[in-house]
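Written out below as structure tokens is the structure these notes cover.
Residue numbers start from 1 in every chain, and the chains themselves are labelled A, B, ... in the order their sequence lines are given, proteins ahead of strands.
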Amino acid sequence: MATLHEYLFVSGLLFAIGLAGVIARRNIIVIFMCLEMMLSAANLTLVAFSRFNTAETGLPDYDGQMLVFFIITVAAAEVAVGLAIIVALYRARQTVNVNDLTSLRG
Amino acid sequence: MPTLFFYFFAILAISGAVALVVFRNPVSSALSMVASFVGFAGLFIGLNAYFIGVIQILVYAGAIMVLFIFIIMLLDLKKEESKKFPITTVIGALLIPGLFMLQLVGIFGNFDDKKHQALDLPASAEHYQEEAPKIAATLSGANGEAPSLPDVNLIGQKLFTEFNFPFQVMGILLLVATIGVVVLSKRSPSTSASDQ
């Protein structure tokens, strides 16, 4: 069976790949997808700790899984609002390339 | 055998994530992300988190990805991704996550690894005997079936007792998000006049 370190390594690697995507990609929608990947990787860490640190009942510690449940809910709300903002941005500027969105650059 | 499944789903998740970052076409990125989320769901189910695995598929691979693909289709993004990645951003994108992974592996040396231990379901049944007899019956196999982990019942019990207030706050959050999306996507009269 896989150990805790293996799960944490996989989740850290997925988080790192998502971070690499956020840094390298210029398309704001793909950046947003990479952010979702990072959130999911954090969820994997929480579920792994929940399974390997059992509660005093001997079952997985469900507090961790409750946090994952709330993270998924917040992620769904975040995606809905974020994509609405991207659509509004595209209407205003006709671009989704972050290199062209330099209004806030000093 | 479970180890084999772990590696299969881990490789599926990681290769999906790499494809998400590397593919130029946003639609290919979105579809490889679905593959990655299926891998995630497999890992969750391997960790006995059946409910989380199922909502990972339903919410992420179902609802959220449909939303993404819908927006990609709506904005018609195919022509946008023709430029090459600049070398400085590629170096940054390899260096910063690489350092992060090094740090993570360094931390692993500082605390002991934990082995995967099978759950002793009948032993944990007595903790639920008083407050939730049905959960205890499923755990101990008293209802004539083999002992199984009533994952959804346990999460539901926790959600509606200990986490009832956050649960209701979450409902308000979803309501606010819905209203926010409607307000954001509604064209104001002044801008719609200039657009048309």
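- Between chain A and the residues B:Pro2, B:Gly180, B:Gly16, B:Gly98, the most heavy-atom pairs under 4.5 angstrom are made by B:Pro2.
- Only the side chain of B:Tyr60 comes within contact range of chain A, with heavy atoms under 4.5 Å apart.
- Within the 4.5 angstrom heavy-atom criterion, only side-chain atoms of B:Val59, from C-beta onward, approach chain A.
- Chain A forms the most heavy-atom pairs under 4.5 Å with one residue out of B:Phe70, B:Phe167, B:Phe68, and that residue is B:Phe68.
- Contacts between A:Val74 and chain B at a heavy-atom distance below 4.5 Å involve backbone atoms as well as side-chain atoms.
- Counting heavy atoms from C-beta on, the side chains of A:His5 and B:Phe111 come closer than 4.5 Å.
- With a 4.5 Å cut-off on side-chain heavy atoms, B:Pro97 and A:Ile17 do not count as touching.
- Neither the backbone nor the side chain of B:Pro86 comes within less than 4.5 Å of any heavy atom in chain A.
- In this structure, the portion of B:Phe40 lying under 4.5 Å from any heavy atom of chain A is its side chain and not its backbone.
- Closest approach of A:Ala2 to A:Tyr7, counting heavy atoms only: CB-CE1, 3.7 Å.
- Side-chain contact of A:Asn97 with A:Arg26: a donor-acceptor pair under 3.5 Å is absent, judged by distance alone.
- Side-chain contact between A:Leu101 and A:Val96 is absent, with no heavy-atom pair separated by less than 4.5 Å.
- Under the 4.5 Å side-chain criterion, counting only non-hydrogen atoms from C-beta, B:Leu149 is in contact with B:Tyr50.
- Distance check, rounded to the nearest 0.5 Å: CD1 of B:Ile155 to CZ of A:Phe69 gives 8.0 Å.
- Looking at B:Leu104, only its side chain comes within 4.5 Å of chain A, counting heavy atoms on both sides.
- Residue A:Ser11 does not touch chain B at all, counting heavy-atom pairs closer than 4.5 Å.
- With a 4.5 angstrom heavy-atom cutoff, B:Ala63 does not touch chain A via any of its atoms.
- A salt bridge is defined here as a Lys NZ or Arg NE, NH1 or NH2 lying under 4.0 Å from an Asp or Glu carboxylate O, and A:Asp63 with B:Lys158 meets this definition.
- With a 4.5 angstrom heavy-atom cutoff, A:Glu6 touches chain B via backbone and side-chain atoms both.
- Contact of the A:Leu4 side chain with the B:His116 side chain is not registered, since no non-hydrogen atoms from C-beta on lie closer than 4.5 Å.
- Between the side chain of B:Ser29 and the backbone N or O of B:Leu20, at least one donor-acceptor pair lies under 3.5 Å.
- With a 4.5 angstrom heavy-atom cutoff, B:Phe5 does not touch chain A via any of its atoms.
- The heavy-atom pair separating A:Ile72 from B:Gln56 by the smallest distance is CD1-OE1, 4.1 Å.
- Of the atoms belonging to A:Leu59, heavy atoms from both backbone and side chain fall under 4.5 Å from chain B.
- Note on B:Val181, B:Leu47, B:Val21: by heavy-atom pairs under 4.5 Å with chain A, the leading option is B:Leu47.
- The two atoms that bring B:Met170 and A:Phe70 nearest to each other are CE-CD2, 3.4 Å, heavy atoms only.
- Put simply, of B:Ile91, B:Thr178, B:Asp151, B:Leu74, the one with the most heavy-atom pairs under 4.5 Å next to chain A is B:Asp151.
- Among A:Leu19, A:Val87, A:Leu13, A:Val10, the residue making the largest number of heavy-atom pairs under 4.5 Å with chain B is A:Leu13.
- Interface remark: A:Ile31 contributes no atoms to any contact with chain B (heavy atom separation under 4.5 Å).
- Contact count against chain B (heavy-atom pairs under 4.5 Å) is highest for A:Leu8 among A:Ile86, A:Leu8, A:Val68.
- Between A:Asp61 and A:Thr54, the closest side-chain pair of non-hydrogen atoms is not below 4.5 Å.
- Using a 4.5 Å cut-off on side-chain heavy atoms (C-beta onward), B:Ile96 and B:Leu99 make no contact.
- Residues B:Lys114 and A:Thr3 form no side-chain contact, since every pair of their non-hydrogen atoms from C-beta on lies 4.5 Å or further apart.
- Heavy atoms of B:Phe163 lying under 4.5 Å from chain A belong to its backbone as well as its side chain.
- Cluster partners of B:Ile179 are B:Leu175, B:Val183, counting Ile, Leu, Val, Met, Phe, Trp and Tyr whose side-chain heavy atoms approach within less than 4.5 Å, directly or via other members.
- For the options A:Ala55, A:Ser40, A:Ala41, A:Ala77, heavy-atom pairs under 4.5 Å to chain B are most numerous at A:Ser40.
- Residue contact with chain A, scored on non-hydrogen atoms closer than 4.5 Å, is absent for B:Leu95.
- In terms of non-hydrogen atom pairs under 4.5 Å with chain A, the most contact-rich of B:Thr89, B:Leu184, B:Thr3 is B:Leu184.
- Residue contact with chain A, scored on non-hydrogen atoms closer than 4.5 Å, involves the side chain of B:Phe6 exclusively.
- Heavy-atom pairs under 4.5 Å with chain A were tallied for B:Met65, B:Met101, B:Lys115; the largest tally goes to B:Met101.
- Only the backbone of B:Asp112 comes within contact range of chain A, with at least one heavy atom under 4.5 Å from a heavy atom of that chain.
- Among A:Val47, A:Val22, A:Asn53, the residue making the largest number of heavy-atom pairs under 4.5 Å with chain B is A:Val47.
- With a 4.5 Å cut-off on non-hydrogen atoms, A:Met33 touches chain B through its backbone and its side chain both.
- When heavy atoms are compared at a cutoff of 4.5 Å, B:Ala41 does not approach chain A at all.
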